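See structure below.
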Amino acid sequence: MTKLSGNPLITITDQLADEKQAILASIIAELEDAVISSTTKGIITTWNPAAEKMFGYTEAEALGKSISLIIPQNKSAEKNYILGQILLGKKVAHFDTFRIAKDRHQVPVSITVSPIRNNKGMIIGASKIVKDISDRQLANEKQAILAAIVATSDDAIVSKTLQGIITSWNQAAVRTFGYTEEEAIGKHISLIIPPDRLSEEDFIIGQIAKGKKVDHFETVRRHKDGREVHLSVTVSPVVSSSGTIIGASKVARDVTAIKHAAEKQGMLAAIVGSSDDTIVSKTLEGIITSWNQAAEKMFGYTEAEALGQHISLIIPPERLNEEKFIIGEVSKGNKVDHFETVRVAKGGRQVPISLSVSPIIDENGKIIGASKIARDISEHLAVQEEKARLYDEIKELNDKKDEFIGLASHELKTPLTSIQGYLQILNNDMSEERRKDFLNRASRQIKKLNDLVSDLLDISKIQAGKLQFTLATLDLCQVTRDAIELIAYSNQTHRVVLKTELETLPIQGDAQRIEQVILNLLTNAIRYSPGKYEVEVHLSQENGLAKLSVRDQGIGIPADKLEQIFSRFYRVTENKNISGLGLGLYLSQQIVERHHGHIWAESTPGEGSVFYFTLPIKAS
Ligand code: ADP
């Protein structure tokens, strides 16, 4: 109070009772607002403690100074305006501006200036109540910042009343839901809620009304164009300054893309899981990090057994260096495709596989492992081997066929050419004797042709499984004698001698076919012993078998070919000059074996051959 003594304000209130004055002075001293008075000339006459605090000048420093002390230089227009109003006897209320403190910092203020009159009613000065509005300014700035954050947020931020009426709608909400701010504000929030999810809103509002927050609630909302938007929503109560809940603010994050990614990931996982191909992944150090069902089946280890193990679990020791190669390639970012190799299953069983290995790359582009797709190729290998075998077989048959066609056409043509020649000669005038001779020759060639064609027919019958036998009991001695007689008739070069102690030798068979076998052996013996004169036939019985042999003194057969001469179309290359199709012995073997017999040959090249066959004797 003493502070105020001598203050001009007191001089203008000297009419007032001392007590009243003292009360006023103490109020002014205690006020949080700066109270300053000045003369009409702008000389400061009052400066309360709040003014000291606000502007940094003590009362002693301020009193008697011009009010310009605290008015920024560029505010002279403002100063004149206020002074003008005061001189007119008017009040300037809540004028927001700023003043300068002693330390030159700007103080945002709200000023109310009133004229001061003397007891004659003359305006003698002005009183100013100056309110520091720095806090308000700060709050405004803060609000502006918050508004900017909300406006620029990537998340949709929406607020609504407890009745669900939308009260704010940021840019991201515009993007997320397709409605502009004008379209959305004032509307009910059901604007963006699919009908089947309206009950969710009741739940959310219920929580909010209780003052609770709803966090990361995953749901679906509807875009203006009808499409579904997957959101993660956080809803918080909006509380008024008086503490009542007046609405809710929602922050909604569009998780459609994440949802799709998750769905895609789920789908990929399902594909890997159900794939028929083995899919395994591992780190670059070879530690198994995934193992699908097909891998369990192929290698016999369960997922639990395989995860965390080194991949050498399934690599045969001798193939461990393959792994080095594969990891080397994968580390360079290369793929290893269709690498055929072998792995070992749980029990030690070897599994031939075709392997494709690709690098696994993380989101930063770093190679962090390898994924392998393995396909069991055991079956494939078996099929391939079978194919290769069939191919070889077909190729061999095809070669034989080509060779045979060449041979057959030659063999068939030769007798025809001869016959044609003899018939031409016959056509000319010639003696009876020569005519007979040529007719004989012609008929021999016809027989040869006939035999060839018969052999060919037999072959095709065997091929088709249609070679039929007419079985009867027959005497092998008789059949042999008949065959020798037939040969003697058509052959002039060799003598065929039958050596046997037997009168009869009963067997069960087709007489014509057995004779065909004997004739074939005799013909061969004669054909393959050029320059020799004798062929010996033996008939005997041994251990219940009838045995026949044909011995010649001919060219013989090399030991390594003795087996093969019974194959179809097989001819010993050394005797190319002797004609033939390589069918006779094959047919003979077929006939003998179908009579439950056996046929073979023994030979010494250059000395001759012996052909044998045995047949079961028919018990009488
Ligand atoms: P082809 O005599 O028509 O060639 P075969 O099947 O009767 O057919 O005989 C097969 C092959 O066996 C003959 O090409 C020949 O090389 C050889 N061969 C058969 N019999 C004799 C034999 N008695 N002496 C030497 N080689 C023979």
Side-chain angles (χ1 to χ4, degrees), residues 1-72 75-76 78-119 121-142 241-242:
M1 247 102 340
T2 42
K3 257 190 193 169
L4 290 172
S5 61
N7 186 316
L9 186 66
I10 294 170
T11 59
I12 60 156
T13 57
D14 55 3
Q15 305 291 320
L16 295 172
D18 283 352
E19 213 175 309
K20 206 174 165 188
Q21 210 177 18
I23 292 169
L24 271 179
S26 95
I27 289 173
I28 288 168
E30 294 305 318
L31 268 179
E32 273 186 27
D33 294 341
V35 177
I36 299 165
S37 66
S38 60
T39 64
T40 46
K41 296 264 183 294
I43 301 302
I44 297 168
T45 50
T46 307
W47 192 260
N48 75 343
E52 288 189 338
K53 204 170 145 203
M54 201 178 285
F55 299 111
Y57 298 102
T58 63
E59 189 183 19
E61 283 173 327
L63 291 184
K65 299 273 166 54
S66 166
I67 192 74
S68 310
L69 184 70
I70 57 165
I71 297 177
K75 297 271 183 200
S76 57
E78 186 189 301
K79 191 179 99 182
N80 293 339
Y81 160 75
I82 293 173
L83 184 64
Q85 292 299 98
I86 293 301
L87 292 178
L88 287 173
K90 287 184 182 166
K91 186 176 169 185
V92 177
H94 307 301
F95 186 85
D96 286 356
T97 180
F98 61 87
R99 292 291 175 257
I100 302 291
K102 191 179 177 185
D103 64 8
R104 310 310 299 164
H105 89 266
Q106 292 196 347
V107 186
V109 290
S110 174
I111 302 176
T112 296
V113 192
S114 311
I116 303 171
R117 296 171 194 270
N118 63 11
N119 50 1
M122 254 178 70
I123 295 164
I124 54 162
S127 78
K128 300 178 189 188
I129 300 176
V130 182
K131 197 182 270 288
D132 184 337
I133 55 170
S134 308
D135 285 353
R136 208 209 295 167
Q137 196 97 351
L138 260 183
N140 278 349
E141 269 169 29
K142 209 167 145 191
S241 48
S242 62

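Model, not experiment: these values are computed from the prediction. This chain uses plain numbering: 1 for the first residue, then up along the sequence. Because only heavy atoms are used, hydrogens play no part in the values below, and waters and symmetry mates are left out as well, while side chains stay in.
- For the atom pair OG1 of Thr46 and CD1 of Ile116, the computed distance is 6.5 Å after rounding to the nearest 0.5 Å.
- Listed by chain and number, the residues in a salt bridge (charged side-chain N to carboxylate O under 4.0 Å, His left out) with Asp132 amount to none (sequence neighbours excluded).
- Note that the CZ atom of Phe98 and the NE2 atom of His105 stand 11.5 Å from one another [nearest 0.5 Å].
- Shortest non-hydrogen contact noted between Ala101 and Val107 is CB-CG2, 4.0 Å.
- At least one side-chain heavy atom of Leu63 sits less than 4.5 Å from a side-chain heavy atom of Ile44.
- Nearest heavy atoms, Ile124 versus Arg117: CG1-C, 4.1 Å.
- Counted by atom type alone, Lys128 and Ser38 present zero donor-acceptor pairs between their side chains at under 3.5 Å.
- At least one side-chain heavy atom of Lys79 sits under 4.5 Å from a side-chain heavy atom of Ser68.
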Can I get a per-line list of side-chain donor-acceptor pairs under 3.5 Å for residues 80-87, giving both atom names and the distance, sequence neighbours left out?
residue	atom	partner	partner atom	Å
Asn80	ND2	Ser76	O	3.4

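- Considering only heavy atoms from C-beta on, Tyr57 stays 4.5 Å or farther from Lys65 through its side chain.
- Summarising the geometry, atom CD1 belonging to Ile111 is positioned 7.5 Å from atom CZ belonging to Phe95; distances are rounded to the nearest 0.5 Å.
- Annotation: side chain to side chain contact (heavy atoms under 4.5 Å, CB included) contacts of Thr58 (sequence neighbours excluded): Glu52, Ala60, Glu61.
- Here the CD1 atom belonging to Ile28 is positioned 12.0 Å from the CD1 atom belonging to Ile36, to the nearest 0.5 angstrom.
- Here the closest non-hydrogen pair linking Ile100 and Phe55 is O-CD2, 4.0 Å.
- Remark: side-chain polar atoms of Asp33 are not paired, donor with acceptor, to backbone N or O of Ile129 under 3.5 angstrom.
- The minimum heavy-atom distance linking Arg99 with Glu78 is given by the pair NH2-OE2, 2.8 Å.
- Here the side chains of Val113 and Lys91 are not in contact, with every heavy-atom distance at 4.5 Å or above.
- Note that CD of Glu59 is 8.5 Å distant from CG of Asn48, once rounded to the nearest 0.5 Å.
- The line from CD1 of Ile70 to CH2 of Trp47 is 4.5 Å long, rounded to the nearest 0.5 Å.
- The nearest pair of heavy atoms linking Ala34 to Ala51 is CB-CA, 3.5 Å.
- Within 6.0 Å of the NZ atom in Lys75, the count of heavy atoms belonging to other residues, nucleotides or ligands exceeds 12.
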